[in-house]
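Only one structure is covered here, and it is reproduced in the block below.
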Amino acid sequence: MVSGDVPQAEGSVRIDVWIWSVRLTKTRAQAAAACRAGHVKVGGERAKPAQAVRVGDEVRLRHAGRDRVVVVSKIVKKRVGPPVAVECFVDNSPPPPPREIAIQVPVRDRGAGRPTKRDRREMERLQGRASAD
């Protein structure tokens, strides 16, 4: 058995590897990109992809339009299955918004063409964004 397969209670690992290993992102490249963009914070400070994470650290991740707040409980160096991944952190994230509120995209009739200035202003008013007029 390889030592990276089993969750460990001690040591440290790169933050991008850990985020990917516990399935908070789909790929390691997405985890590293989130770190570089400033969407990952460890202990309230922006984290670079190579920053070490240890047991007890609070990790905040902004990914896919949702904020995740997790506390590291186990260190993993390789990607693990979902049942094991859940044991590696304590999820303190706020609940996701209801689907009805999260997905409110204005839909135009097919073939209606490009919106006029008046249409655009009306859409902005309905979405709650004030125009700069």
Side-chain angles (χ1 to χ4, degrees):
M1 180 183 288
V2 179
S3 64
D5 292 343
V6 180
Q8 300 173 353
E10 56 199 49
S12 65
V13 69
R14 289 173 56 118
I15 185 68
D16 61 341
V17 172
W18 186 83
I19 289 172
W20 168 72
S21 297
V22 297
R23 299 177 169 266
L24 293 177
T25 60
K26 211 172 215 182
T27 66
R28 182 171 170 196
Q30 285 179 344
C35 291
R36 283 192 298 274
H39 299 298
V40 178
K41 295 182 180 182
V42 176
E45 299 290 323
R46 282 180 62 173
K48 293 184 179 180
Q51 181 173 337
V53 66
R54 293 176 176 75
V55 174
D57 286 346
E58 181 187 66
V59 178
R60 292 180 173 269
L61 170 69
R62 175 102 177 129
H63 180 68
R66 183 170 176 219
D67 289 324
R68 300 289 304 264
V69 180
V70 296
V71 177
V72 179
S73 60
K74 293 182 184 174
I75 297 294
V76 289
K77 295 181 180 173
K78 301 229 179 198
R79 193 161 169 99
V80 293
V84 178
V86 172
E87 298 171 0
C88 295
F89 62 87
V90 178
D91 195 358
N92 296 331
S93 304
R99 256 193 199 280
E100 298 82 33
I101 295 173
I103 303 174
Q104 288 186 347
V105 179
V107 178
R108 290 182 51 82
D109 294 332
R110 186 167 174 85
R114 184 174 173 182
T116 63
K117 186 183 263 190
R118 181 179 180 184
D119 293 338
R120 180 184 54 80
R121 287 181 178 157
E122 176 126 352
M123 284 188 290
E124 287 177 352
R125 185 183 60 78
L126 289 172
Q127 292 175 353
R129 291 185 275 170
S131 61
D133 290 348

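- Pairing each heavy atom of Arg66 with each of Ser93, the nearest pair is NH2-CB, 4.2 Å.
- Although no hydrogens or angles enter the test, the distance criterion places no donor-acceptor pair under 3.5 Å between the side chain of Ser12 and the main chain of Val53.
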Handout entry: Criterion side chain to side chain contact (heavy atoms under 4.5 Å, CB included) on Leu24 and Arg68, from CA distance to verdict
Key = CA-CA 8 Å; Leu24 293 177; Arg68 300 289 304 264; 3.7 Å; yes
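- Trp20 and Val13 fall into different hydrophobic clusters, defined by Ile, Leu, Val, Met, Phe, Trp and Tyr side-chain heavy atoms under 4.5 Å apart, directly or through other members.
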Legend entry - Verdict with supporting geometry, Val59 and Ile15, side chain to side chain contact (heavy atoms under 4.5 Å, CB included): CA-CA 9 Å; Val59 178; Ile15 185 68; 3.9 Å; yes
Yes or no on side chain to side chain contact (heavy atoms under 4.5 Å, CB included) for Trp18 and Val76, after CA distance, side-chain angles and deciding distance?
CA-CA 6 Å; Trp18 186 83; Val76 289; 4.1 Å; yes
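- Contact of the Leu61 side chain with the Val70 side chain is not registered, since no non-hydrogen atoms from C-beta on lie closer than 4.5 Å.
- Note: the hydrophobic cluster containing Val55 also contains Val17 (ILVMFWY, side chain heavy atoms under 4.5 Å, direct or indirect links).
- Side-chain atoms of Arg120 never come within 3.5 Å of backbone atoms of Pro115 as a donor-acceptor pair (strictly under, hydrogens ignored).
- The heavy-atom pair separating Thr25 from Ala31 by the smallest distance is OG1-CB, 3.5 Å.
- Within the 4.5 Å cutoff, side-chain heavy atoms of Arg28 are placed close to those of Asp16.
- The pair Arg121-Glu124 does not count as a salt bridge, with every side-chain nitrogen at least 4.0 angstrom from each carboxylate oxygen.
- Salt-bridge formation is not detected for the pair Arg60/Asp67: no Lys NZ or Arg NE/NH1/NH2 atom is positioned less than 4.0 Å from an Asp or Glu carboxylate oxygen.
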Name every donor-acceptor pair, under 3.5 Å, that has one atom in a side chain of residues 33-47 and the other anywhere in the protein, sequence neighbours excluded.
none

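- Follow the hydrophobic side-chain contacts under 4.5 Å out from Val69 and you never reach Val22; the two are in separate clusters.
- By the 4.5 Å heavy-atom criterion applied to side chains, Arg14 and Pro49 are counted as neighbours.
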